Amino acid sequence: MALVGVSGRRAGCYCLRAVRSPLQVPALQLHISKTAMGACQKDFESAVNQVKLLKKDPGNEVKLKLYALYKQATEGACNTPKPGLFDLINKAKWDAWNALGNLPKETARQNYVDLVSGLRSSSDSSSQVKPEADKKRAGYDTLVITSEDCITKIMLNRPAKKNALTTQMYREIMLALEAASKDDSTITVFTGNGDYYSSGNDLTNFTDIPPGGIEEKAKNSAILLRDFVDCFIDFPKPLVAVVNGPAVGISVTILGLFDLVYASDRATFHTPFSHLGQTPEGCSSYTFPKIMGPAKAVEMLIFGKKLTAGEAYAQGLVTEVFPDSTFQKEVWTRLKAYSKLPQNAMHISKQIIRNHEKEKLHAINAEESRILQERWLSDECMNAVMDFFSRKAKL
Ligand SMILES: CCCCC/C=C/CC(=O)SCCNC(=O)CCNC(=O)[C@H](O)C(C)(C)COP(=O)(O)OP(=O)(O)OC[C@H]1O[C@@H](n2cnc3c(N)ncnc32)[C@H](O)[C@@H]1OP(=O)(O)O
């Protein structure tokens, strides 16, 4: 299970936090409070409030700078003992503050104000899709859902995090699939906003440890995973993946349950499960050997071989590859034509094809989820996730 919480927007404010973990990292949260005094106090206080309203997560590096400048502005030079080597988050914060040396409080305040002002302008021109601009369907924070030409498009919308899938996102996707199964569309399409299709499971998913501890977290996650994959197994309409960029982890394995997979030639397909101390999910332990043969499936699922779009096509995981420059145009022209085919015939055909295997797929999904529940508690998995975050924390 993941150990260290790196970033998050809590109650509207960005914070760096560490969570209680099996390694006993102490619970900690940094809150930006209004205690600053000094010449440009008003500007500083206003900047502190503006940080809470940023639409886009500024990333760890900037959050560390904000933290350090805030501490310097309010408390002066770093005055606390250096945290231990394995207290990664607190050490990163301490390093950032300490690096400011004897910077005067007034200068720190001004630098903080300048930094926030820069962040606000870049946040305003963010590539995050604006709800109004894309007729976003209400009720979804992490997805943009549109319906046009009898096609419902579900777009993963966390481009700054490479569309990593949070627990909220899994839940929203399940709701979106449920709604799409009942709407007027003939085809449902998945895609990603930004340069990635999806970087797979968000590795911070396991940082909010409930009172029942990591065992309870693992159990709840396994239930969520099983329910999530079940929605794909049972989805009644043709399901199409428009893979606009690299895909990792569960965003790859679940493709075995799609009816068409169109990929840009920029896309790659990577399932680094062993590297993460994890095992396959999304029914890929069954669909991948069936699609590409056992040897090629093993290369991906056990040895983590990353495939190019061309390789994924050659192995049958991808239906067709398009040059990135014409990808969107060609794919959507194709899909619009398909969406005009008789709806009932398409849906019945999908049922005939899927029904042969539905029961088997549900059993495999349950088994994969059960095994992962155990894996998430393993040292191998914990160490791999911690490794990812410690690499990020070095900045
Ligand atoms: C309910 C539970 C179900 C569980 C189901 C299990 C599924 C298994 C899997 O999906 S395993 C796959 C997990 N994914 C990964 O291991 C990918 C991890 N990410 C990376 O390796 C890299 O981020 C990258 C190769 C995807 C992109 O690298 P790049 O250098 O181009 O970009 P950054 O690393 O700087 O990423 C930008 C910010 O996005 C954050 N981020 C990206 N992916 C994830 C992720 N999977 N989880 C959490 N955060 C992610 C990254 O930390 C950067 O954030 P920052 O700007 O705040 O630093």
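One-based numbering, in listed order, for ligands and for the atoms of each. On a predicted model such as this, the values are computed, not experimentally measured, just so you know. We number each residue from 1, following the sequence as shown.
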- Message: How long is the straight-line distance from CD of Glu357 back to CD1 of Ile233, given to the nearest 0.5 Å?
- Response: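 Going from CD1 on Ile233 over to CD on Glu357, the span is 10.5 Å.
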- Message: I need the Leu260 CG to Thr319 OG1 distance, nearest 0.5 Å.
- Response: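 Spacing of CG (Leu260) from OG1 (Thr319) equals 5.0 Å.
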Can you tell me if [X] has a non-hydrogen atom under 4.0 Å from ligand 1?
{"X": "Pro272", "answer": "no"}
{"X": "Thr167", "answer": "no"}
{"X": "Ala160", "answer": "yes"}

Would [X] count as a polar contact of ligand 1, with the cut-off being nitrogen or oxygen pairs under 3.5 Å?
{"X": "Asn205", "value": "no"}
{"X": "Leu276", "value": "no"}
{"X": "Ser199", "value": "yes"}
{"X": "Leu203", "value": "yes"}
{"X": "Tyr196", "value": "no"}

- Message: For atom 29 (P) of ligand 1, tell me which residue out of Lys161, Lys162, Arg158, Arg375 has the closest non-hydrogen atom.
- Response: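 Looking at heavy atoms only, the winner is Lys162.
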- Item | Heavy-atom nearest neighbour of atom 46 (N) of ligand 1 within options Asp195, Asn201, Thr279 |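 When every heavy atom of Asp195, Asn201, Thr279 is considered, Asn201 comes closest to atom 46 (N) of ligand 1.
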So does [X] pair up with [Y], basic N to acidic O under 4.0 Å?
{"X": "Arg334", "Y": "Glu330", "value": "no"}
{"X": "Lys42", "Y": "Glu45", "value": "no"}
{"X": "Lys219", "Y": "Glu215", "value": "no"}
{"X": "Asp259", "Y": "Lys350", "value": "yes"}

Proximal atoms of ligand 1 relative to [X] (non-hydrogen, under 4.0 Å):
{"X": "Gly200", "value": "10 (O)"}
{"X": "Ser221", "value": "1 (C)"}
{"X": "Ala164", "value": "44 (C), 45 (C), 46 (N), 47 (N)"}
{"X": "Gln278", "value": "8 (C)"}

Below 4.0 Å, non-hydrogen atoms only: which portion of [X] touches ligand 1? Side chain, backbone, both or neither.
{"X": "Leu372", "value": "neither"}
{"X": "Phe228", "value": "neither"}
{"X": "Leu224", "value": "side chain"}

- Are more than 12 heavy atoms from other residues, nucleotides or ligands located less than 6.0 Å from atom CG of Asn355?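 Counting other residues, nucleotides and ligands, CG of Asn355 exceeds 12 neighbours.
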- Query: So does Lys340 have more than 12 non-hydrogen atoms from other groups sitting under 6.0 Å from NZ?
  - Reply: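 Enclosed: over 12 neighbouring heavy atoms sit under 6.0 Å from NZ of Lys340.
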- Query: Sub-3.5 Å donor-acceptor pair from the side chain of Gln343 to the main-chain atoms of Thr186, do we have one?
  - Reply: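 Pair absent, no side-chain N/O of Gln343 close to backbone of Thr186.
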- Query: Okay, side chain of Arg375, backbone of Gly277: is any donor-acceptor separation there less than 3.5 Å?
  - Reply: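 Yes; at least one donor-acceptor contact below 3.5 Å.
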- Message: Suppose we call two aromatic rings close when their centres sit under 6.0 Å apart. Are Phe232 and Phe258 close by that rule?
- Response: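 Yes; Phe258 has its ring centre under 6.0 Å from that of Phe232.
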